[in-house]
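Heavy atoms only: backbone and side chains are in, while hydrogens, waters and symmetry mates are out. Note on naming: letters A, B, ... go to the chains in the order of the sequence lines (proteins, then strands), and numbering restarts at 1 for each one.
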There are 2 protein chains.
Amino acid sequence: MNLIARIAEPQKVVRRAPALKQELPLDAILQGDCITEMARLPDKCVDMIFADPPYNLQLGGDLFRPEGGRVDAVDDEWDKFDSLAAYDGFTRDWLEQARRILKDDGTIWVIGSYHNIYRVGALLQDAEFWILNDIVWRKSNPMPNFRGTRFTNAHETLLWCSKSEKARYTFNYRAMKALNDDLQMRSDWLMPICSGGERVKGDDGSKAHPTQKPEALLYRILLACTKPGNLVLDPFFGTGTTGAVARRLGRRWIGIEREDAYVKVARDRIASTLPLDESAMKTVPDKREQPRVAFGTLVESGLVPAGTSLTDAKRRWTATVLADGSLTSDSHAGSIHKVGAALQGAPSCNGWTFWHVAVEGGLKPLDQLRQQHLGANG
Amino acid sequence: MNLIARIAEPQKVVRRAPALKQELPLDAILQGDCITEMARLPDKCVDMIFADPPYNLQLGGDLFRPEGGRVDAVDDEWDKFDSLAAYDGFTRDWLEQARRILKDDGTIWVIGSYHNIYRVGALLQDAEFWILNDIVWRKSNPMPNFRGTRFTNAHETLLWCSKSEKARYTFNYRAMKALNDDLQMRSDWLMPICSGGERVKGDDGSKAHPTQKPEALLYRILLACTKPGNLVLDPFFGTGTTGAVARRLGRRWIGIEREDAYVKVARDRIASTLPLDESAMKTVPDKREQPRVAFGTLVESGLVPAGTSLTDAKRRWTATVLADGSLTSDSHAGSIHKVGAALQGAPSCNGWTFWHVAVEGGLKPLDQLRQQHLGANG
DNA sequence: CCTCGATCTGAATCTCGAT
DNA sequence: GATCGAGATTCAGATCGAG
């Protein structure tokens with residue numbers, strides 16, 4: 001192994017050891033503040049940067065689940081900033097170093113949530129980075145909104161930028177297309193959050209890091225934007241997902257991490273030969289989700305307008321479609337399935353085949369309209 | 001029809017016609033510059049703002065499809081800005097007016113792409129708007145990346161903000177859940193781009209506006225964040241999608257549009273849009289808005305007589321109803337909520353769904369008896 | 001061995017009206 | 001403005017123990 005984890009005295013080291021600017025610590029964890037440590041690296045030396053900076057979540061008090069449990073919030077000191085201005089200043093500083101270290105044809109990836117990504121995006125543009133894509137990581141299993149106050153926050157955003165408009169960056173188009181069943185890889189990626197065996201745990205079984213990213217995410221990024229042997233820098237290394245995936249894919253890496261505990265975890269993780277966990281590699285192909293169509297979608301799209309009267313095949317019952325895709329009959333209200341079941345006194349009912357729309361010359365089941373919708377939008 | 005389309009001389013009008021600040025032009029198109037026209041509207045007068053500002057696309061030369069056709073790019077004058085700073089200045093100005101016009105409990109939606117949404121998001125936060133969600137519109141039929149140089153840009157982003165952290169905004173949680181097959185509506189929405197019959201065409205068959213938004217998008221937004229009768233402002237009205245959907249859903253609207261051609265198109269389009277039937281406009285009622293029933297009322301009315309024994313769904317605990325509508329168990333006494341919480345050791349508890357009455361063949365939750373009472377007395 | 005149910009968890013800006 | 005109390009609120013998976 002070729003791991004370095006130094007306990008540095010930043011001020012001294014930066015100023016007095018320019019030597020390090022020549023020799024690059026490959027496949028190594030640099031322990032220390034990310035800006036200080038980046039400052040010690042030479043100009044234009046890395047091919048790609050992946051950065052997962054603090055999100056500045058600004059959470060309030062405790063949040064409880066409906067059944068009584070308490071949500072284990074991200075309340076670590078490293079995510080606390082005094083103000084938006086302080087966060088901006090921090091972001092500007094590390095972006096400045098990142099830009100200096102990055103090769104002219106290299107690219108940078110930054111991940112964030114709505115709390116911080118608009119600050120980061122604007123500052124990237126201010127620093128003359130050129131946005132190539134913004135990528136949406138759609139979580140297949142996000143935490144719900146327990147209080148019913150907003151839309152489920154079910155995604156995070158990644159920004160992918162080159163150093164300038166004219167830069168000739170790496171994009172392995174064919175690899176991405178192959179990874180996506182021979183369709184162009186889109187800007188929305190569906191992936192589960194990091195859990196199960198992939199999630200690094202402490203001795204007490206609790207998660208080692210509150211925001212560990214899934215390897216599948218880094219896998220796709222490294223595969224898309226680097227060549228084998230390229231050097232990848234991760235200035236917010238955490239549990240070392242970037243290093244682990246880089247190693248697996250034959251890329252070189254440098255990680256910067258301040259916290260002692262995370263450095264240890266990352267070192268062990270990368271050192272241990274990970275059995276290729278197929279499940280961690282898998283990304284859910286977008287096609288599989290297409291068959292699921294909410295009835296409300298047909299209402300929104302005007303295929304089954306609100307106010308439409310529905311009936312069953314034998315015209316024994318009728319119900320009316322409301323604006324939100326629910327149904328009302330004389331005695332019941334709810335989804336197409338629930339109302340169908342209630343009217344029949346049955347435990348369950350497939351509303352798609354039960355309910356029909358009157359058309360010229362007869363009745364057409366909702367299922368047929370769903371197929372029509374899929375055909376038009378699939 | 002009640003449409004206004006004035007040809008204004010902006011500078012004069014703003015300064016000399018404060019009268020308009022009193023009377024609100026409802027269901028009307030105001031023709032003119034968006035900042036000037038907004039300046040003429042009173043403080044805190046609209047419930048929601050939907051804004052689809054210029055994206056500042058910064059497109060280079062013509063883009064050609066593989067088979068030779070030229071892509072019909074957005075190259076209109078209104079999408080051109082000299083610099084990021086100019087775009088920021090413009091954005092700051094219209095956001096300032098938007099904030100002034102918006103009611104304190106109102107919300108604003110802004111849609112954009114990666115070209116502009118990071119500017120807009122940061123400036124929204126700078127103006128002390130509070131981001132509630134960022135929403136990803138996933139296009140089921142995006143334009144492919146013809147050159148194979150990037151990921152297919154398959155989404156746009158919407159920001160939903162209140163005026164402050166503490167503001168009590170409207171969110172029709174139940175309606176959104178109904179629209180999504182009884183699952184919480186997530187922050188990623190799959191919808192086709194506006195095409196086919198919905199796309200407004202000119203006399204020559206070409207599209208009337210380069211970036212017309214689908215009605216389904218506005219439908220979901222208006223249904224989620226407004227009540228019937230609420231007033232919605234769209235300062236970049238274009239072909240009037242916001243007005244058309246607002247009218248369909250029984251919301252009032254004001255549109256601002258500078259271009260003569262778009263004003264005409266929007267006016268005709270909205271005139272031919274029919275409002276939904278009053279009953280079809282309905283959505284499932286939010287529990288929070290139903291009339292409150294004190295548990296004591298059910299005791300008084302004899303629906304749950306004093307002395308009744310209650311139990312939870314798993315029959316782990318029991319309690320007895322007292323004459324005043326309070327409960328006693330072995331160890332606790334108080335309201336149905338307090339006793340339920342205390343027995344479970346939970347911070348809180350909804351006694352209506354926690355406690356059940358034994359009936360023939362099983363258990364019936366108090367909530368069901370409450371509904372029964374409401375049906376009989378509501 | 002498998003199945004079923006109970007339990008736990010994840011980057012979360014998570015209530016509101018009456019007094 | 002602060003306080004108090006009613007009462008509204010969860011999805012997809014992984015894990016583990018019982019049968």
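- Interface remark: the A:Lys213 side chain does form a donor-acceptor pair with the C:dA11 base, using a distance-only criterion of under 3.5 Å.
- Of the side-chain N and O atoms in A:Tyr87, none sit less than 4.0 angstrom from OP1 or OP2 of C:dT13.
- Between B:His337 atom NE2 and D:dG7 atom C1' there is a gap of 5 Å when expressed in whole angstrom units.
- At the heavy-atom level, B:Arg370 lies under 4.0 Å from the strands shown only through sugar-phosphate atoms.
- At a threshold of 4.0 angstrom between heavy atoms, the contacts of A:Gly61 include nucleobase atoms, whether or not backbone atoms are also involved.
- Within the 4.0 angstrom heavy-atom criterion, base atoms lie near A:Asp52.
- Whole-Å rounding puts the B:Gln290 CD to C:dC16 C1' distance at 16 Å.
- Rounding to whole angstrom units, CG of residue A:Leu57 and P of C:dC14 are separated by 11 Å.
- The main-chain N or O of A:Lys139 is found under 3.5 Å from a side-chain atom of B:Arg186 such that the two form a donor-acceptor pair.
- Checking the phosphate oxygens (OP1, OP2) of C:dT15, a side-chain nitrogen or oxygen of A:Arg147 falls inside 4.0 Å.
- The interatomic distance linking B:Glu165 (CD) with C:dC16 (P) rounds to 13 Å, in whole Å.
- Judged by distance alone, the side chain of B:Gln344 and the main-chain N or O of B:Ala346 form no donor-acceptor pair under 3.5 Å.
- Neither OP1 nor OP2 of C:dC14 sits under 4.0 Å from any side-chain N or O of B:Lys166.
- Looking at A:Ile111 and A:Tyr55, their side chains come closer than 4.5 Å, going by heavy atoms from C-beta outward.
- Nearest to the side chain of B:Lys287, among C:dT13, C:dG10, D:dA8, sits D:dA8.
- B:Asp286 and B:Lys177 are not joined by a salt bridge, as no carboxylate oxygen comes within less than 4.0 angstrom of a charged side-chain nitrogen.
- Ranking C:dT13, C:dA11, D:dA12 by closeness to the A:Asn141 side chain, first place goes to D:dA12.
- Using a cut-off of 4.0 Å between Lys/Arg side-chain N and Asp/Glu carboxylate O, B:Lys287 and B:Asp367 are scored as salt-bridged.
- Where B:Arg316 and A:Ser195 each meet DNA chain C at their nearest nucleotide, the meeting point lying more 5' is that of B:Arg316.
- Salt bridge A:Lys264/A:Asp268: absent, no basic N to carboxylate O contact under 4.0 Å.
- Side-chain N/O atoms of B:Tyr173 include none lying less than 4.0 angstrom from OP1 or OP2 on D:dT9.
- Counting any heavy atom pair closer than 4.0 Å across all strands shown, A:Trp137 reaches no nucleic acid atom.
- The base of D:dA8 sits within donor-acceptor range of the side chain of B:Ser348, with an N or O pair under 3.5 Å.
- The distance between atom CD of B:Gln344 and atom C1' of C:dT7, rounded to the nearest whole Å, is 14 Å.
- Base orientation of C:dT7: anti, since the glycosidic angle falls outside 90° of 0.
- A:Ser113 comes within contact range of no nucleotide atom at all, as no heavy-atom separation falls under 4.0 Å.
- Using a 4.0 Å heavy-atom cutoff across all strands shown, A:Leu63 reaches at least one base atom of the nucleic acid.
- Residue contacts for A:Glu67: at a heavy-atom cut-off of 4.0 Å it reaches a base atom on one of the strands shown.
- Note on A:Lys207: a side-chain N or O is less than 4.0 Å away from OP1 or OP2 of C:dG10.
- A close approach under 4.0 Å does not occur between any side-chain nitrogen or oxygen of A:Ser140 and OP1 or OP2 of D:dA12.
- Between the side chains of A:Tyr114 and B:Asn133, no donor-acceptor pair of N or O atoms lies under 3.5 Å.
- Minimum atom distance to the side chain of A:Phe146 is reached by D:dT10, of the listed C:dT13, C:dT15, D:dT10.
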*Starting at the 5' end of DNA chain C, write a dot or bracket for each base, bracketing those in Watson-Crick or G-U wobble pairs whose two distances are under 3.5 Å and using | for partners on another strand.*
.|||||||||....|||||

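- Ion pairing between B:Glu289 and B:Lys227 holds under the 4.0 Å rule for side-chain N and carboxylate O.
- In the interface, the side chain of B:Arg168 is not paired with the base of C:dT15 through any donor and acceptor atom under 3.5 Å apart.
- Note on B:Ile336: nothing from the nucleic acid sits closer than 4.0 angstrom, heavy atoms only.
- Between B:Lys103 and B:Asp105 there is no salt bridge, since no side-chain nitrogen of the basic residue lies less than 4.0 Å from a carboxylate oxygen of the acidic one.
- Counting only heavy atoms from C-beta on, B:Asp286 has its side chain closest to D:dT9 among C:dA12, D:dC11, D:dT9.
- For A:Arg199, the side-chain atoms get nearest to C:dG10 when compared with the rest of D:dT9, C:dC14, C:dG10.
- Within the nucleic acid shown, B:Asn350 comes within 4.0 Å of at least one base atom, counting heavy atoms only.
- In this entry the distance linking CG of B:Asp182 with C1' of D:dA12 reads 17 Å, nearest Å.
- Looking at heavy-atom distances under 4.0 Å, B:Arg174 makes contact with sugar-phosphate atoms alone, never a base.
- With distances taken from any side-chain atom of A:Asp72 to the nucleotides D:dA12, D:dT9, C:dG10, the minimum falls on C:dG10.
- Listed candidates were D:dT10, C:dG10, C:dA12. Nearest to the side chain of A:Val71 is C:dA12.
- Picking from C:dT13, C:dT15, C:dT9 the nucleotide with the shortest atom distance to the side chain of B:Gln125 gives C:dT13.
- A salt bridge does not link B:Asp104 to B:Arg168: none of the charged side-chain nitrogens sits closer than 4.0 Å to a carboxylate oxygen.
- A donor and an acceptor atom sit less than 3.5 Å apart, one in the side chain of A:Arg65 and one in the base of C:dG10.
- Nucleic acid contact class of A:Cys194 (heavy atoms, under 4.0 Å, all strands): none.
- In this structure, A:Pro214 reaches neither bases nor backbone, as no heavy-atom distance under 4.0 Å exists between it and the strands shown.
- The side chain of A:Tyr55 lies closest to C:dA11, out of C:dG10, D:dG7, C:dA11.
- Among the nucleotides D:dG13, D:dC11, C:dC14, the one closest to the side chain of B:Gln184 is D:dC11.
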